[in-house]
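This report refers to the structure that appears directly beneath it.
For clarity, every value in this text was computed on a predicted model and none was experimentally measured. The figures here come from the full heavy-atom set of this structure, side chains too, leaving out hydrogens, waters and symmetry mates. Counting convention: from 1, in listed order, for ligands and their atoms alike.
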Amino acid sequence: MERTFAIIKPDAVERNITGKILEKIESNGFHIVGLKKVHITLEQAMGFYYVHKDRPFYTELCTYMARSPIVVLVLEKEGAIAEWRKLMGATNPADADPGTIRKEFGLSLGENSVHGSDSPESAAFEIPYFFAMCELI
Ligand code: DAT
Ligand code: MG
């Protein structure tokens, strides 16, 4: 069983659609092994997205992620990393396939409702960024 890291981002939590996204996660066969609601600081967002530090959208992205609470998750499934990326859909909701979360709920390229690890290496960085081992069940 593989694990991946997911976030329900500020735009979605603000619109009270956390439950709708959790429903999609569970009905697509993911097991939630960690879940909590947090409001991260700008510094914590910058650390999380350090891989994007040289991108022009880095400041905008980090400011957005720190503007209001998020729900952080660890999801378990066979092939969880690729499977969760598939269920999320393309980064830009306008390009996302029908049935994906970003297509259904995303507002824009920047405010695209969900995050997911893109590789085993990023999952190995992102999961312990937010969760202690004893919080994963
Ligand atoms: P993904 O979240 O699909 O892994 P990414 O890692 O390339 O995409 O970028 C991280 C987030 O940054 C993405 O979810 C939305 C935002 N973003 C990406 N490209 C952007 C751009 N050109 N302008 C503004 N925000 C962008
Ligand atoms: Mg990414």
**Message:** Tell me whether Glu60 has any N or O atom under 3.5 angstrom from an N or O of ligand 1.
**Reply:** no
**Complete:** The protein heavy atom nearest to atom 10 (C) of ligand 1 is His52 NE2, 3.6 Å
**Message:** Among Tyr50, Phe48, Tyr49, exactly one meets ring-ring contact (aromatic ring centres under 6.0 Å, His included) together with Tyr129. Which residue is that?
**Reply:** Phe48
**Request:** Tell me which protein heavy atom sits closest to atom 11 (C) of ligand 1, plus the residue, atom name and distance to 0.1 Å.
**Result:** Leu61 CD1, 3.8 Å
**Item:** Region of Asp118 engaging ligand 1 - heavy atom pairs below 4.0 Å
**Value:** neither
**Message:** Working note: Arg3 + Val33, criterion side chain to side chain contact (heavy atoms under 4.5 Å, CB included); need CA distance, chi angles, decisive distance, verdict.
**Reply:** CA-CA 9 Å; Arg3 287 179 174 185; Val33 298; 4.0 Å; yes
**Prompt:** Can you tell which part of His115 has a heavy atom less than 4.0 Å from ligand 1: side chain, backbone, both or neither?
**Reply:** neither
**Asked** So is Lys77 actually on top of Phe30's ring, under 6.0 Å and inside 45° of the axis?
**Response** yes
**Message:** With a 4.0 Å cut-off on N to O distance, would you call Glu104 and Lys20 a salt bridge?
**Reply:** no
**Asked** Looking only at protein heavy atoms, which one is nearest to atom 22 (N) of ligand 1, and how far off is it?
**Response** Leu109 CD2, 3.5 Å
**Message:** Can you name the atoms of ligand 1, numbered from 1 with element, that are less than 4.0 Å from a heavy atom of Lys9?
**Reply:** 14 (O)
**Asked** Any idea which protein heavy atom is nearest atom 2 (O) of ligand 1, and the distance to it?
**Response** Arg102 NH2, 3.0 Å
**Heavy atoms from other residues, nucleotides or ligands near CE of Met133 exceed 12 (cutoff 6.0 Å)** = no
**Message:** When you compare the side chains of His31 and Glu26, does any donor N or O come within less than 3.5 Å of an acceptor on the partner?
**Reply:** no
**Asked** Between Met65 and ligand 1, which part of the residue brings a heavy atom under 4.0 Å of the ligand: side chain, backbone, both or neither?
**Response** neither
**Message:** I'd like to know if Glu111 and Arg67 make a salt bridge, using a cut-off of under 4.0 Å between side-chain N and carboxylate O.
**Reply:** yes
**Complete:** For atom 3 (O) of ligand 1, the closest protein heavy atom turns out to be Thr91 OG1, 2.6 Å
**Request:** For Lys36, enumerate each residue passing the salt bridge (Lys or Arg N to Asp or Glu O under 4.0 Å) test, keeping only those at least two apart in sequence or located in another chain.
**Result:** Glu135
**Asked** Which option out of Tyr64, Phe57, Tyr58 puts a heavy atom nearest to atom 24 (C) of ligand 1?
**Response** Phe57
**Message:** Checking a contact table here: which protein heavy atom is nearest atom 14 (O) of ligand 1, and how many Å away?
**Reply:** Asn112 ND2, 2.9 Å
**Prompt:** Can you list the other members of the hydrophobic cluster that holds Ile81, where links are side-chain heavy atoms under 4.5 angstrom apart?
**Reply:** none
**Request:** Using a 4.0 Å heavy-atom cut-off, say whether Arg85 meets ligand 1 through its side chain, its backbone, both or neither.
**Result:** side chain
